[in-house]
Amino acid sequence: MYKKNNFVNLWVLNVFVGLLFLTITFVLFNDVMLSPGIITGQDWGHPVTQSQLKKLYEVGKSTWAFNDFFGFIQENAGAATLQQGAECLLSKVGVSEIVFPKLWILCLFTFAGWSMFSLLHFWGLAPLISFVGGLVYITTPIFFNYTIMGWALIFWPMGLFPLATKYFIISVQKNQFKYAVIVAVFYSLAILISQSVIWFLLILLSLGIYLVHTKKDALIFIKMISLILLIYIITNLYVFLPHLIAENEAITGGELIMSAPSRGTAIYLRPLWILRLWGTVANIPFENRVLNSGLITISSFLLPFLMLFALFFAKNKRLIISFTIIALIPFGMYILSQFREGLQFIPFINVFRDFSRFAVLSSFAYPILVAFTLQHFFVEKKYNGFIKFAMFFLLAGIWLLSIKPWLTAEISDWQNGDNWHSSLRTKTFSDDYLDLENYMASLALDQKALYFPIGGLGLKVTDDPRFKTEGTFDVFAALSPL
């Protein structure tokens with residue numbers, strides 16, 4: 001663990017690193033951040049006006065609700081209150097609905113990068129190596145793909161993974177409940193993503209190899225896990241109770257695991273792609289851009305190559321084995337995906353039907369293992385300056401090639417936009433939309449409005465070249481005041 005540095009120096013270091021990640025995130029998204037309008041397209045369907053935000057919050061604060069627009073019972077609605085509540089508070093201090101998605105991206109990326117830095121530095125890795133680990137984390141393909149898809153909320157539990165790991169280790173090693181309570185709070189806050197219930201548990205259980213050496217350690221480990229689970233269940237009863245009171249097969253059953261969308265999300269869940277942290281979503285925007293770059297494709301094997309070195313050279317073998325297991329979990333999900341017919345009879349399997357999303361675990365473990373490899377070669381191993389210099393430029397060069405879609409701002413390259421080559425885009429709505437919404441808001445609530453064309457996703461906008469092919473989410477219809 002890191003030495004007891006001067007508190008002020010450690011605080012300054014963490015603030016500096018946080019600001020550095022904030023700057024890097026802004027640079028990676030500068031085209032989008034500086035573009036007028038709100039981020040939209042794919043599953044981005046964020047409120048544009050105060051009226052829409054208010055309606056979304058009214059639905060979100062309920063434990064369960066019927067979604068008028070898509071026609072299904074949403075029993076997990078209350079979980080989104082944390083995000084929507086924060087947005088409502090920010091709107092009260094002048095942060096507009098249009099700015100919020102951009103601010104959300106900045107905060108999530110900065111938090112995830114800093115959180116990984118904090119964990120690595122906690123283990124005693126050099127500050128620069130720890131920073132590189134955080135940078136590798138937020139530039140993995142899943143961050144690219146899920147940002148475009150409008151699934152950025154997944155980065156919230158991903159940002160909590162490192163901190164939960166750090167404080168869980170302290171809780172077991174020091175046998176102190178207060179640190180387990182901190183972990184439980186992080187775990188509970190991650191409820192915004194339903195699959196996080198199993199993600200966190202898999203991480204904590206995998207750490208047993210590292211933390212449990214004796215029978216006493218095992219008892220402490222079980223005690224801390226039990227406390228964390230107890231607090232998690234109690235604090236999230238507002239989400240769990242609907243499933244006990246009014247059973248909904250969409251949550252408690254298993255038939256959705258056989259649905260076309262569930263199968264489609266795992267279409268690229270293949271061993272060789274899993275090894276490279278690829279195949280996390282059906283339309284593979286990151287992977288397509290790399291595959292179209294010829295020899296650059298080879299660079300995508302750098303992270304698994306460096307990860308394997310940690311098994312041979314890193315000092316703390318038990319810690320490395322724990323995270324290697326976490327990194328291999330998506331391979332287990334690939335095997336499970338071959339037996340969907342049998343899995344559909346398992347209760348609550350619908351919650352975990354999107355097997356490709358378990359790539360969040362390998363995307364979390366890889367930067368840790370890579371950082372330990374870099375620590376060995378650049379800090380612990382006594383190579384001469386020339387060898388270290390050559391290794392640095394070789395590895396840095398290959399890594400920069402592997403993240404080419406980030407460096408060339410292809411995340412916002414809408415000119416190549418089609419369903420298999422997606423991009424992050426913004427749209428400015430005309431005053432006509434706003435005037436019509438204000439007019440409808442003044443009418444009696446028992447009146448209804450019918451929007452054409454019918455359908456919330458993939459609405460084509462013929463007068464905007466950025467949305468002719470992929471379309472956008474019709475948020476004015478979805479959150480209409482009538």
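In this chain, numbering begins with 1 at the start of the sequence shown.
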Response to the item:
Between P36 and T426 the two heavy atoms that sit nearest each other are O-OG1, 3.0 Å
Discussion item. So, using side chain to side chain contact (heavy atoms under 4.5 Å, CB included) as the criterion, who are the partners of H46 when residues are at least two apart?
Written reply: I38, E87, F100, P101
Item to complete: Please round to the nearest 0.5 Å and tell me the distance separating atom CG of L400 and atom OG of S402.
Response: 7.5 Å
Fill in: Backbone of E410 reached by a side-chain donor or acceptor of R289 within 3.5 Å
yes
Practice prompt. Would you mind reporting whether I105 and I39 have side-chain heavy atoms less than 4.5 Å apart?
Written response: yes
Worksheet item: Where is the tightest heavy-atom contact between I274 and Y334, given as atom of each residue plus distance?
Response: CD1-CB, 3.7 Å
Worksheet, complete the sentence: Smallest heavy-atom separation, S356 atom then G279 atom, equals CB-O, 3.8 Å
Worksheet item: With respect to T280, which candidate in F286, F144, Y146 satisfies the side chain to side chain contact (heavy atoms under 4.5 Å, CB included) definition?
Response: Y146
Practice prompt. Carefully, step by step, assess S188 and T235 under the rule side-chain hydrogen bond (donor to acceptor under 3.5 Å, both in side chains).
Written response: CA-CA 7 Å; S188 299; T235 54; 2.7 Å; yes
Worksheet entry | Pairs satisfying salt bridge (charged side-chain N to carboxylate O under 4.0 Å, His left out), at least one member in residues 189-209, at least two apart | none
Discussion item. For the backbone of F378 and the side chain of K388, can you confirm whether one donor and one acceptor N or O come within less than 3.5 Å of each other?
Written reply: yes
Worksheet entry | Close side-chain approach of W199 to F358, heavy-atom, < 4.5 Å | yes
Discussion item. Is it the case that the side chain of S363 and the backbone of T140 share a donor-acceptor pair, with hydrogens and angles ignored and the cut-off at 3.5 Å?
Written reply: no
Worksheet entry | Stepwise side-chain contact (heavy atoms from CB on, under 4.5 Å) check, I387 with M391 | CA-CA 6 Å; I387 293 178; M391 287 176 58; 3.9 Å; yes
Worksheet item: Given side chains that start at C-beta, do those of F377 and L395 come closer than 4.5 Å, heavy atoms only?
Response: no
Item to complete: Of all the heavy-atom pairs spanning R340 and A266, show the shortest one and how long it is.
Response: NH2-CB, 3.7 Å
Worksheet item: If every non-hydrogen atom of V370 is compared with every non-hydrogen atom of M307, which pair is closest and at what distance?
Response: CG2-N, 4.2 Å
Worksheet item: Side chains of H121 and L10: does their closest heavy-atom pair fall under 4.5 Å?
Response: yes
Practice prompt. Look only at the side chain of W406 and the backbone of T139, and say whether a donor-acceptor pair between them is shorter than 3.5 Å.
Written response: yes
Worksheet item: Quick one: does L336's side chain get under 4.5 Å of M333's, heavy atoms only?
Response: yes
Discussion item. Using side-chain heavy atoms (C-beta onward) and a distance below 4.5 Å, is M224 in contact with N175?
Written reply: yes
Practice prompt. Might you point out which heavy atoms bring S412 and V32 nearest each other, and give the distance in Å?
Written response: CB-CG2, 3.7 Å
Discussion item. Between F200 and F161 (judged by ring centroids, cut-off 6.0 Å), do the two rings come close enough to count as a pair?
Written reply: yes
Response to the item:
Taken in chain and number order and not counting sequence neighbours, the residues that satisfy side chain to side chain contact (heavy atoms under 4.5 Å, CB included) with I222 are S226
Worksheet item: How are the rings of F313 and F309 set to each other: parallel, tilted or perpendicular (split at 30° and 60°)?
Response: parallel
Discussion item. How long is the straight-line distance from CG of L108 back to OG1 of T25, given to the nearest 0.5 Å?
Written reply: 9.5 Å
Discussion item. Does any part of the side chain of F143, heavy atoms only, come nearer than 4.5 Å to the side chain of Y137, both counted from C-beta?
Written reply: yes
Practice prompt. Output all residues satisfying salt bridge (charged side-chain N to carboxylate O under 4.0 Å, His left out) with K223, sequence neighbours left out; order by chain, then residue number.
Written response: none
Item to complete: Start with the C-alpha gap between K404 and V290, add the side-chain angles, then the distance that decides, and say whether side-chain contact (heavy atoms from CB on, under 4.5 Å) holds.
Response: CA-CA 7 Å; K404 173 184 173 290; V290 174; 5.9 Å; no
Worksheet item: Which residues satisfy the side chain to side chain contact (heavy atoms under 4.5 Å, CB included) test with L319, sequence neighbours excluded?
Response: W123, Y210, N316, F323, F372
Item to complete: Without swapping roles, check the side chain of S362 against the backbone of A327 for a donor-acceptor pair under 3.5 Å.
Response: no
Worksheet item: Checking T110 side chain against C107 main chain: does a donor-acceptor pair fall under 3.5 Å?
Response: no
Worksheet entry | Y366 side chain to V136 backbone, donor-acceptor under 3.5 Å | no
Discussion item. Applying side chain to side chain contact (heavy atoms under 4.5 Å, CB included), can you list everything that pairs with I24, at least two apart in sequence or on another chain?
Written reply: L20, L28, F131, L135
Response to the item:
Rounding to 0.5 Å, atoms CG (L189) and CG (L163) come to a distance of 11.0 Å
Discussion item. I'd like to know if the side chain of S322 reaches the main chain of S206, judged simply by a donor and an acceptor atom lying under 3.5 Å from each other, with no hydrogens or angles considered.
Written reply: yes
Item to complete: Quickly, which of L272, I142, L269, L291 forms a side chain to side chain contact (heavy atoms under 4.5 Å, CB included) with W278? Name it, please.
Response: L291
Fill in: Under 3.5 Å donor-acceptor, K317 side chain and L311 backbone
yes
Response to the item:
Rounded to the nearest 0.5 Å, the CE atom of M116 sits from the CZ atom of F21 at a distance of 9.5 Å
Practice prompt. Check whether any side-chain heavy atom of L22 sits under 4.5 Å from a side-chain heavy atom of F109, and report yes or no.
Written response: no
Discussion item. What I want to check is whether the side chains of N145 and T147 have a donor and an acceptor closer together than 3.5 Å.
Written reply: no
Discussion item. Taking W114's backbone N and O only, do any of them form a donor-acceptor pair with S118's side chain (distance below 3.5 Å, no angle check)?
Written reply: no
Worksheet entry | From L328 atom CG to F331 atom CZ, the distance as rounded to the nearest 0.5 Å | 6.5 Å
